[in-house]
2 protein chains.
Amino acid sequence: MKLEPEAAVHAPETQRAGRARATSAGELSHIALDLFFEHGFDETTVTDIARAAGIGRRTVFRYFPSKNDLAWGEFETMLESMRSHLATLPEDMPLQAALRDAIIEFNRFPDDELHYHRERMRLLLNVPSLAAHSTLKYAAWREVVAEYVALRRHERPTDLVPRASAWICLGVCLSAYEQWLAADDADLLELIDRAFATTDGFGSAAAAESRAQRP
Amino acid sequence: MKLEPEAAVHAPETQRAGRARATSAGELSHIALDLFFEHGFDETTVTDIARAAGIGRRTVFRYFPSKNDLAWGEFETMLESMRSHLATLPEDMPLQAALRDAIIEFNRFPDDELHYHRERMRLLLNVPSLAAHSTLKYAAWREVVAEYVALRRHERPTDLVPRASAWICLGVCLSAYEQWLAADDADLLELIDRAFATTDGFGSAAAAESRAQRP
DNA sequence: CGCACCATGGCACCCGATGTCAATATAATC
DNA sequence: GATTATATTGACATCGGGTGCCATGGTGCG
C-alpha cells in the first residue's frame, strides 16, 4: 500500500528547495496503525512508532501533532473533498437529500480499503483516548455540514439550525458506524440511510406541543 | 456553597471505620473550577489545585480519575436522576415528548446556579482538552437516552434507532447550549425546544427517495 | 490500649508533548 | 562543481498528567 509522498501536505509542493522528506504522513500513519492493530493503541508508545518507521521520536511529532492524530490519518484531506463535493450539488436539490448524498459519498470506500477502514474505525470508536480526541475531528466535520446548511438557508454557520443539523448528521453517521462494526456483514451505506430515517417525526410533535403549552 | 460530605459517593456511608475524608468531591471540584475560571484550564496544574485545596497532589487523583473530570464535577449523579425521572414518565406519553420532557428537566437549574453552570459549560465546550474528554461523558448520557428509547420500542439499547435517537438528542442539546453561551440573554430551555424542532422532516424525504432508488 | 480499617501523601516512574539547537542533506543557483 | 538557501532530523532538556507503591496518620471498635 504505497502512498504518494507528501500526500498529507496541503500544498502539492512540486519542487522545493531543501532536503527531501524521509517518509510521508500517510506512510507514517499506516505504520502506526499496524502497530496499533497488533499491540493495541495504549500499549504502543510513540518511541515504538518512531523506531518502526526508522525515524526519530521527535520527527513523528513533526508529521502529526499528537499520537492520536496518527490514527486519524489524512482526515483533513477527506474533509476537503466533502466540502468540494457539496459545492457541486445543484441549488434546487432538497437540503436533506443533498446532505444525505454528501454523507454517503464521504463514506464510500473502495472494496479493498473497507477492511482497513473498519479496523481503523473500530479503534477510533472504542479506544477511550481516541474516542475522546475524536470530538475535535467531529467538530471540523460538523463545521463543513453547518457551512453548507447555512449557505442553503441564507444563515450563518453558527446559527441554531445549521449547528443542530450538523449534530444530527453526525449522530446519524456514528450510530450507523456502530451498527456496522457490530455486524460484519452489514452495508455501511444502507445503515446510514436507515439512520437518517430515524430523524423522521423526531421532535416535531414534541416541539409543537411545547409551544402550545408555554405561551 | 457548602456540600454534604461524600456527596459524590453513591453509598451514603453514615459511619465508617478508618480515617475521615479530608474533603469531598463536590468541594474539590468547586475549588478547581474557581481556579480554571481565573487562570484558565490549561494554565492550572493539578499541583495548583491540590495546594489550593490543602491536600496532596496524589490525593486529587483519588477523588477524580483525571484533571478533566474535575471540571465535570458530579455529572454521574445528574445522570442518575435523569434516568429515574424517565422511569416515572407514563407509558402512553409519546416517545418524543417524553424525551423532550426529560431533557428539559435535566437542564433546569435554579436561578442562582445558572451563572455558575454557564461558565462551567463555557469551559467544557471551548477548552479543547475538555471538549475532547466530553465525548466519554456524552456517551454515558446517550446511554441513558438509548436505554429509554429501547425500553419503549422493545428493542435493545444497542440497536440502530435507540442509538441514533440518543445521538440526535445530544445534538439538539449541544447546539442549544452553543446558542445559549453566545447570547447571554437567551433562555436555555426555549433554545432546546427550538433545536428539537429542527429535526422536523429531517431525513424522511431523503431516506424514502433513497429506498426508491436502490432496490 | 491495641487492632483493624481506610484515607493520605510523598516518592519514583512512565509517557506524551514541546522548545531548543546543532548537524545534516538536498535543491536551486551561480 | 561550489555555494547558498532551505528543511529535515534527532539529541538533548523540560514540563505536566497519571500511576504504583508504601509508610504514615487519623478513626471507630472490641
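Chain letters run A, B, ... following the sequence lines, proteins first, then strands; residues in each count from 1.
Comparing A/R62 and A/D42 by the nucleotide of DNA chain C whose heavy atom lies nearest to each, the residue mapping closer to the 5' end is A/D42. The residue among A/F61 and B/A22 whose nearest nucleotide of DNA chain C is located toward the 5' end is B/A22. Each of A/G56 and B/T47 was matched to the nucleotide of DNA chain D holding its nearest heavy atom; the match closer to the 5' end belongs to A/G56. Of the two residues contacting DNA chain D, namely B/A20 and B/T45, the nearest-nucleotide position lying further toward the 5' end is that of B/T45.
As rounded to whole Å, 12 Å separates atom P of C/dG16 from atom CG of A/L130. With rounding to whole Å, A/N68 atom CG is found 10 Å from C/dG16 atom P. To the nearest angstrom, P of C/dG16 lies 11 Å from CD of A/E43. The distance from atom CG of B/L28 to atom C1' of C/dA7 is 14 Å, rounded to the nearest whole Å. B/I55 has its CD1 atom 16 Å from the P atom of D/dG26, to the nearest Å. Remark: C1' of D/dG18 and CG of B/D69 are 12 Å apart, rounded to the nearest angstrom. Atoms CD1 (B/I49) and C1' (D/dG18) sit 13 Å apart, rounded to a whole Å. Protein atom CZ of B/R19 is 10 Å distant from nucleotide atom P of C/dA7, rounded to whole Å.
If you check every strand for non-hydrogen atoms under 4.0 Å, B/S66 touches sugar and phosphate atoms only. Note on A/T44: only backbone sugar-phosphate atoms sit closer than 4.0 angstrom, heavy atoms only; bases stay farther off.
No more than 12 heavy atoms of other residues, nucleotides or ligands sit less than 6.0 Å from atom NE2 of A/H115.
B/R57 contributes no side-chain N or O that forms a donor-acceptor pair with the base of D/dG16 under 3.5 Å.
Ionic pairing of B/R142 and B/E147 is not present here: no N-O contact between side-chain nitrogen and carboxylate oxygen is shorter than 4.0 angstrom. Note on A/R118 versus A/E113: no salt bridge recorded, every NZ/NE/NH1/NH2 to OD/OE distance being 4.0 Å or above.
For the residue pair B/Y148 and B/A98, the shortest heavy atom distance occurs at OH-CB, 3.5 Å.
Here A/T59 does not reach the OP1 or OP2 of D/dT8: none of its side-chain N or O atoms lies under 4.0 Å away. At D/dT8, none of the side-chain N or O atoms of A/Y63 fall inside 4.0 Å of OP1 or OP2 (strictly under the cut-off). Checking the phosphate oxygens (OP1, OP2) of D/dT9, no side-chain nitrogen or oxygen of A/R58 falls inside 4.0 Å.
There is no side-chain donor-acceptor pair under 3.5 Å between B/N107 and B/H117.
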